Number of protein chains: 4
Amino acid sequence: MQPKPGRPARTFTEVARRAQIVECAADVIAETGYARASMAAIARRAGIAKSVISYHFADKNDLMQELIRTTIAAYTQFLEPRLAAEPSAGGKIRAYLDGSAQHMAARTNMHLALLEIAFNAAGPDGRPLLASIPLDAHTPALEQIMRHGQQAGELRNFDIEVMAGLLRSAVTHTMVLALRANPAIDLAGYASELATAFHLATSAQITNSQ
Amino acid sequence: MQPKPGRPARTFTEVARRAQIVECAADVIAETGYARASMAAIARRAGIAKSVISYHFADKNDLMQELIRTTIAAYTQFLEPRLAAEPSAGGKIRAYLDGSAQHMAARTNMHLALLEIAFNAAGPDGRPLLASIPLDAHTPALEQIMRHGQQAGELRNFDIEVMAGLLRSAVTHTMVLALRANPAIDLAGYASELATAFHLATSAQITNSQ
Amino acid sequence: MQPKPGRPARTFTEVARRAQIVECAADVIAETGYARASMAAIARRAGIAKSVISYHFADKNDLMQELIRTTIAAYTQFLEPRLAAEPSAGGKIRAYLDGSAQHMAARTNMHLALLEIAFNAAGPDGRPLLASIPLDAHTPALEQIMRHGQQAGELRNFDIEVMAGLLRSAVTHTMVLALRANPAIDLAGYASELATAFHLATSAQITNSQ
Amino acid sequence: MQPKPGRPARTFTEVARRAQIVECAADVIAETGYARASMAAIARRAGIAKSVISYHFADKNDLMQELIRTTIAAYTQFLEPRLAAEPSAGGKIRAYLDGSAQHMAARTNMHLALLEIAFNAAGPDGRPLLASIPLDAHTPALEQIMRHGQQAGELRNFDIEVMAGLLRSAVTHTMVLALRANPAIDLAGYASELATAFHLATSAQITNSQ
DNA sequence: AATGAATGAGATTTCATTCAT
DNA sequence: AATGAATGAAATCTCATTCAT
């Protein structure tokens, strides 16, 4: 965790400024959409000059990547112990849904911004910006959890890629969009409903006697 | 000799050009993302002058709305008979997943473009463009289907809003994004996996004897 | 008045179309201002295709010049006999004001359009379009009338250029603008007031004993 | 340490740039007409990039309004003390004509531009831009002056609206257009001629004995 | 005689970025 | 560390004009 040689340590002021800018960027993006979140708008919200952003970030891309990094780091740090505390795959899945809901409630704008950026921002090559972030950093290794659950006989024999994709979408799309549509929504209840659905969809040991 | 008043009577040429432009717009959006899909880029792809687009569409908004209208119309016309043919709620849900997969395979770029527009495009007021299209035209009335299924005792007593949201996300996000990530994906199999998951998650009459 | 060789005679239809287009141009210009009077707007008003205008007029300049020519011709033809009927300079000046008011009331839009064009339209060289029309065709030879009046001792010894300029402005600016500001104005009364003012300002031999 | 809220505190540089741009705009408009006075042309004249204008003014409308405000403010500040110094209505009218001529000679392009804008520029609603500036700010309250003169028995009993309109036209149209037609004109003499004419046209108690 | 279709030039405006202070 | 000022590229849209039918 030492500053690598060549990359000078950041002063306290700089760290604070960067955090403030990232926070404001998330707010503006969440409130007005990515397209309207110009550098000028973000600076205005932060009460600073446009060029201050340029001073602290290489370019807009860099700012967006920092926002992504920051959010994902906070998110995973929040989730990790909660998942680790659950021994079973089913418990981990429920913890993933509940924990995500909790974090989303606390950091709504960050998550809304993340979604906007995922769809809108494009790197210089035209490819979406999120692609340049390692995917498994984005969400916990749901695939691995499910694989273990299947091997232990706890989960039925579904296609892991499909189910993990659905579970991720349930959080990063379904839940986020529901929150955007209705900021007063009961997220914990929402997550609980989803947890039940995923329990039914994934558990082995269910006898369907129709 | 006049066309019906209010409906301005499009010539064959105009209809064809409009369709061509909409198609090219979808391609460019799907391939390069909404942000890069400028009028110039669309015109270049179509091999026409920028102003030809202006000649046929009032403005960019108009073009996007036409793309949305066209795609949704084709999509719902494709789905409707398939849903109607299934008597049970479960059948309808499976038909929705299977039919969507089929249509998506055939009109991939249209669906990718729709997703991009949904997230990116904003009308002059800043509100998302998709909001100006009646929502229930976008997808079949999943809520109603589920309600009937619950009343008939076929489906268990889940929260309809949550489950319908998840089902829509499964199609418009999970499946579309999987397709974007891997264009060679087996969509029919993907839909089938999802169908099983939703069957388990929604059916009544399942005895869970753990 | 024979069509000159090389300039083929205009058919009845063509003459009518040209007149219709000129009329519509005047209406649109008068109502929406020169800047908004695009070819498209004029064609729309006339209920014809844009290209019909191009068919009958070389270009927009040509159309504007025709509008100018037409209006000025009608205007002078209307004024000439009225001025000729007055033997005295003072009578001619009053006739100019009264006659202008009459003609303006009858052909309001033409006169409003003329004013708009005078200020807005520019030929290809950038000079105002009205400059390309012989000036003395625009209004009767007020200078000559005043000169005669002075020589006859009827008018006092003012600067002819200044007074003629003021008299023209009184009609082409003061009166027209008053009409534009208030279409229901009593133009005859307005002209009468002006006539009195100019009588006092120009006459020799006035004894004003309140 | 804050500038008064609502008044955004312009730096010296900004004030200078804005003034320069307004000046150049007036020059270009006066020389080439409003229609040709594009942002690009104004920027070219000022030797700056187009976007510098955008940086200092919200849009073209804003620039034009600033030009109008600036010119009218300078004009009225110049006239006011001159009118106030004259006790009689006749004196005020003559001062209005003389003062206008003086100011026009000094700020020719500003006045030419004002005339062009008055006729050409239209706000987003299509109404002329000058309408958005309070009219009585444009020229001194000629009507009030004349009313007082009539009540005092100094002026004869003419229609005030008509005469005030004519007097304004004499300055803002007759004189300005004469100046445009011939930049070397003797404006003071021109104003003097006009003053005599208006004296004769408005005074009570005149005994004209050739 | 008329028209729908197409075009290219040009206008305004937005925006990320750079630079001197 | 911060800022005001400036820039050039690009985007959308309008418009007079041309052409084939």
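Chain identifiers are assigned alphabetically (A, B, ...) following the order of the sequence lines, protein sequences preceding nucleic acid strands; residue numbering begins at 1 within each chain. Since the model is a prediction, treat every value here as computed from it, not as a measurement.
- Residues satisfying the side-chain contact (heavy atoms from CB on, under 4.5 Å) criterion with D/A73, sequence neighbours excluded, are absent altogether.
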Q: Determine which bases of DNA chain E form Watson-Crick or G-U wobble pairs with both distances under 3.5 Å, and write the result as a 5' to 3' dot-bracket string with | for other-strand partners.
A: .||||||||||||||||||||
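- For the side-chain contact (heavy atoms from CB on, under 4.5 Å) test, residues two or more places apart in sequence or in another chain that qualify with C/T71 are C/L67, C/M110, C/L114.
- Contacts of B/D62 classified as side-chain contact (heavy atoms from CB on, under 4.5 Å), with partners at least two apart in sequence or in another chain: B/F57, B/A58, B/D59, B/R69.
- Nucleic acid contact for D/T11: sugar-phosphate only, since backbone atoms but no base atoms lie under 4.0 Å from a heavy atom of the residue.
- Taking a 4.0 Å limit (strictly below) on heavy-atom distances, residues 20-30 of chain D does not reach DNA chain E anywhere.
- Each side chain to side chain donor-acceptor pair (under 3.5 Å) pair with one or both residues in residues 38-48 of chain C, not counting sequence neighbours, appears once here: C/E31-C/R45.
- With sequence neighbours excluded, no residue satisfies side-chain contact (heavy atoms from CB on, under 4.5 Å) with C/A35.
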Acceptor/donor pairs from residues 16-24 of chain B side chains to any protein atom, 3.5 angstrom cut, sequence neighbours excluded:
residue, atom, partner, partner atom, Å
B/R17, NH1, B/Q20, OE1, 2.7
B/R18, NH1, B/H56, O, 2.8
B/R18, NH2, B/E66, OE1, 3.3
B/R18, NH2, B/E66, OE2, 3.4
B/Q20, NE2, B/A46, O, 3.3

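- If you walk DNA chain E from 5' to 3' and mark each nucleotide with an atom closer than 4.0 Å to a heavy atom of chain C, the marks span E/dA1 to E/dA6.
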Polar atom pairs (N or O), protein with nucleotides 8-11 of chain F, under 3.5 Å:
residue, atom, partner, partner atom, Å
F/dG8, N7, D/S51, OG, 2.8
F/dG8, O6, D/S51, OG, 2.7

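- Positionally, the nearest nucleotide of DNA chain F for A/I48 lies more toward the 5' end than for the other of B/A37 and A/I48.
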